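The structure presented is a predicted model; accordingly, all values stated were derived computationally and were not measured. In what follows, residues are counted from 1 in the order of the sequence shown.
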Amino acid sequence: MIFLNPTILFGLLAASIPVLLHFLNLKKIKKVEFSTLTFLKELQKTKIKKIKFKQWLLLLLRILIIFFLVSSFARPTLESVAISGTGAVAKTTAIFILDDSFSMSVVDDNGSYFNQAKQIIIDLVFDFNEGDEISLLLTSNPQKHILLSNRTLVEKDIREIEISYITNPLTETILAASELISNSQTYNKEVYILSDFQESTLTTKTNSIDIPKFEFDQSTKLYQFKFGGKKVQNLSVNELIPINQILEIKKEIDITAKVTNSSEDEVGEALLSIFFNGEINAHQNFSVKSGATKLLNYKTTLKHSGVIELVAELEEDDIEYDNKFYSILNVPEKITILIISDDLEDSKYINLALSTSSESLFSIDEIKGNQINTINLSNYDCVFLIGIGNIIKGNNLNQFVKSGGRMIIMPSSTDTNEDATNVLNSFGITDFGRRVTISEENQFNSFENINYEHSLFQNIFNEINPKIESPRIISYIKNSPSGNGESIITLLDGSSFLSEYKYETGRVFLFNVSPVLTWSDLPLKSIFAPIINRSIYYLTSNRNSSKGYLAGEIITVDISNLKFPQVKVIRPDKSEEYLNIDSNLKFLKYNNSDQIGIYKFYSGNELIDAVAVNVDLNESNLKQFSQIDFESLLKENNFKGTILTMDNSNYKNEITQARFGSELWRIFLLITLILVLL
């Protein structure tokens with residue numbers, strides 16, 4: 001027997017009071033003998049013995065009254081024993097952990113794992129008593145606990161829970177349960193885990209076991225219900241990659257899809273279809289070996305501009321939640337360009353080159369360098385900077401690029417080495433050297449190497465290695481890119497004519513010649529207009545399409561250019577959500593990504609961003625954590641209780657045998673009342 005409130009037992013010291021009173025009453029009194037009463041002594045000896053016996057009995061009763069009264073408040077409890085009809089079952093705190101990830105959607109002869117788990121919870125909840133604390137935690141949202149106190153609604157509430165697209169490590173939910181149960185004052189503490197215990201998602205998304213320590217005490221019992229074992233056929237779409245870096249309407253696009261077979265057997269015949277904005281564009285039959293990943297290549301033509309919702313979809317198999325993969329193609333409808341130049345002669349040929357675009361996609365504004373801080377650069381898809389030395393100190397071009405902006409930089413006709421260094425250093429470009437001018441007649445520099453593999457030249461030439469007529473360059477600034485820079489075209493002396501620099505999501509193209517005839521005859525060459533136009537297409541095409549999130553992750557949206565203090569979100573199921581925005585915020589943190597598909601963010605009627613959300617494909621790997629490894633993991637992280645593995649068909653008897661027994665305080669209180677009457 002144990003006591004649930006052992007501190008109350010200090011009250012047993014009160015049992016000494018009757019003892020003290022008893023011995024105080026035994027104080028000896030001076031005797032005076034009377035001869036006439038002598039004959040009565042013998043008569044009373046027998047009666048006095050009886051009185052003393054009653055006094056000792058009364059002392060014992062008083063001690064017992066105090067003992068049972070104090071003990072009843074200390075809540076005596078028998079472990080693993082239930083006394084039917086005489087005692088109250090000890091109060092219990094029970095927490096159910098339900099794995100609602102999509103791997104639990106597998107169906108065997110008894111139904112889906114998920115529905116079997118829900119039925120077990122329903123059966124067990126009704127075995128608890130009034131006053132027990134019962135909670136439910138879902139692995140998709142471990143910080144939100146659902147109270148199961150209303151017994152009339154429990155079954156309905158549990159049956160309404162659905163499989164989630166969100167995958168979280170199971171240990172995160174176990175940790176949340178330990179924090180919740182550690183605050184409970186009840187003696188019986190029980191945790192029920194109902195999961196398929198996947199190895200890939202048991203701990204963290206990086207499979208690290210470095211997790212915070214659990215707070216379970218030694219009295220906690222952990223009941224483990226394990227589902228799985230069925231031989232499953234499951235394919236998943238891992239990725240959908242547009243090969244083309246430059247997306248143009250009515251032009252061919254190459255797409256590669258990755259499909260993984262997590263089944264134990266080879267899949268001999270499967271079908272993957274590609275959809276653009278809900279319309280099927282291509283499909284392909286394929287086979288894939290067990291555990292292998294298949295690359296499937298598709299060619300199709302872009303028929304529309306704007307944001308295109310791209311979906312790869314497999315045929316049905318044992319797990320349907322990973323049969324779709326969402327992505328975005330961003331084919332510009334209009335490209336806004338800002339040209340910064342202090343001399344119209346410096347930008348003249350650039351404007352002529354941009355005017356050759358047959359699609360009329362370009363919307364061009366032009367300002368002088370000293371106006372840069374009066375312009376909202378986020379209104380532009382690409383900034384064309386001509387004349388490095390004319391940009392005033394403290395401009396916001398650096399922030400524009402590092403926050404994802406695109407820029408093309410060319411020196412002006414009057415730029416020097418010092419001018420170049422001052423501005424380019426702010427971008428981390430430190431390898432721009434001195435200006436070189438060739439004064440000898442009939443002497444010039446020219447192209448030596450061209451990286452035709454770069455996406456800038458994709459689909460621009462019919463031949464594999466075409467010959468590009470090089471300009472005659474007589475003035476240039478030496479540049480040898482390093483670090484985050486890559487040379488695309490180099491000159492005979494090794495200097496880079498065209499380089500690309502990458503800054504997280506930002507990009508910069510850097511030319512080492514000014515677009516004027518005093519530096520080279522580049523503006524007169526046939527390659528000039530195509531290379532200027534293609535540079536802008538390359539930098540601005542599909543720039544948002546790489547944004548991809550997993551279900552449940554926080555989506556970050558740039559709202560620095562917001563026109564209204566409200567953002568409308570259109571979710572994948574076409575439902576709408578309106579968010580009021582603080583005018584001081586530059587980025588919106590959207591945390592309601594519980595569905596998979598395309599999320600679109602609008603300011604008024606203007607689309608400001610679109611992102612694709614997919615499932616965590618670690619969930620598709622059904623390999624289970626072994627029982628030994630699971631128990632070792634728990635104990636390594638400070639689990640001190642008892643782990644019990646349940647038989648999913650005979651769990652009630654096992655739990656009854658393992659559960660703590662009955663509280664005896666009512667019996668003790670009844671005994672106290674009887675003793676008082678005595």
Take atom NZ of K289 as the centre, draw a 6.0 Å sphere, and report whether it contains more than 12 heavy atoms from other residues, nucleotides or ligands. no
Is it true that atom CD1 of I628 has more than 12 heavy atoms of other residues, nucleotides or ligands lying nearer than 6.0 Å?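 Check fails, neighbour count at 12 or below.
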Side chains of [X] and [Y]: does their closest heavy-atom pair fall under 4.5 Å?
| X | Y | value |
| --- | --- | --- |
| L180 | S135 | yes |
| E309 | I328 | no |
| L550 | T167 | no |
| L136 | D157 | no |
| R62 | I66 | no |
| K294 | L272 | no |
| L124 | Y651 | yes |
| V107 | D318 | no |

Atom pair [atom1] ([X]) and [atom2] ([Y]), whose distance is rounded to the nearest 0.5 Å:
| X | Y | atom1 | atom2 | answer |
| --- | --- | --- | --- | --- |
| F214 | I181 | CZ | CD1 | 13.0 Å |
| L138 | D100 | CG | CG | 4.5 Å |
| F128 | L148 | CZ | CG | 9.5 Å |
| I241 | T256 | CD1 | OG1 | 6.0 Å |
| I121 | F96 | CD1 | CZ | 6.0 Å |
| I274 | F325 | CD1 | CZ | 11.0 Å |

Which heavy atom of [X] sits nearest to which heavy atom of [Y], and what is that distance?
| X | Y | answer |
| --- | --- | --- |
| E576 | I570 | CG-CG1, 4.2 Å |
| N168 | P142 | ND2-CD, 3.8 Å |
| Y602 | I608 | N-CG1, 4.2 Å |
| K226 | F197 | CG-CD1, 3.7 Å |
| N592 | E577 | ND2-OE1, 3.3 Å |
| D558 | D609 | N-OD2, 4.5 Å |

Are a donor atom and an acceptor atom from the side chains of [X] and [Y] found within less than 3.5 Å of each other?
| X | Y | value |
| --- | --- | --- |
| D99 | Q198 | no |
| N618 | T201 | no |
| Q233 | S263 | no |
| D123 | Q119 | yes |
| K589 | T556 | yes |
| D265 | S290 | no |
| N238 | T260 | yes |
| T220 | D217 | yes |
| S112 | S105 | no |

Without swapping roles, check the side chain of [X] against the backbone of [Y] for a donor-acceptor pair under 3.5 Å.
| X | Y | answer |
| --- | --- | --- |
| E269 | N285 | no |
| S593 | A551 | no |
| T92 | A94 | no |
| D629 | S626 | no |
| N261 | A292 | no |
| K118 | I161 | yes |
| Q116 | G111 | yes |
| T672 | L69 | yes |

Using side chain to side chain contact (heavy atoms under 4.5 Å, CB included), reason through T93 and E190 one step at a time and then give a plain yes or no. CA-CA 6 Å; T93 296; E190 301 174 348; over 6 Å; no
Determine whether S103 and E619 satisfy the following criterion, side chain to side chain donor-acceptor pair (under 3.5 Å), listing intermediate values before the conclusion. CA-CA 6 Å; S103 62; E619 192 69 35; 2.5 Å; yes
Determine, step by step, whether D573 and Q595 satisfy the side chain to side chain donor-acceptor pair (under 3.5 Å) criterion, reporting the C-alpha distance in whole Å, the side-chain angles of both residues, the deciding distance to 0.1 Å, and the verdict. CA-CA 8 Å; D573 62 358; Q595 301 176 9; 2.9 Å; yes
Per the side-chain contact (heavy atoms from CB on, under 4.5 Å) rule, which among K213, K189, E215 passes with S178?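 With S178 as partner, K213, K189, E215 yield a single side-chain contact (heavy atoms from CB on, under 4.5 Å), made by E215.
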Looking at the rings of F639 and F216, which for Trp means the six-membered one, are their centres under 6.0 Å apart?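 Yes, they do, as the ring centres are separated by less than 6.0 Å.
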Does the gap between the ring centers of Y590 and F601 come in under 6.0 Å? yes
The test is side chain to side chain contact (heavy atoms under 4.5 Å, CB included); show your working for Y223 and I120 and say whether it passes. CA-CA 12 Å; Y223 300 97; I120 290 173; over 6 Å; no
Identify whether the distance between the nearest side-chain nitrogen and carboxylate oxygen of D594 and R571 falls below 4.0 Å. yes
Is the ring pair F668/F67 parallel, tilted or perpendicular, if the boundaries are 30 and 60 degrees?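 Tilted, since the angle between the ring planes falls between 30° and 60°.
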Parallel, tilted or perpendicular: which one describes the rings of Y321 and F102, with boundaries at 30° and 60°?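 The arrangement is parallel - the two ring planes meet at less than 30°.
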Quick one: do T171 and N637 satisfy side chain to side chain contact (heavy atoms under 4.5 Å, CB included)? Show the steps, please. CA-CA 10 Å; T171 47; N637 289 280; over 6 Å; no
So L579 and I581, side chain to side chain contact (heavy atoms under 4.5 Å, CB included) or not? Walk me through it. CA-CA 6 Å; L579 307 174; I581 304 299; 4.2 Å; yes
Which residue, D322, N234, N621, forms the side-chain hydrogen bond (donor to acceptor under 3.5 Å, both in side chains) with S262? N234
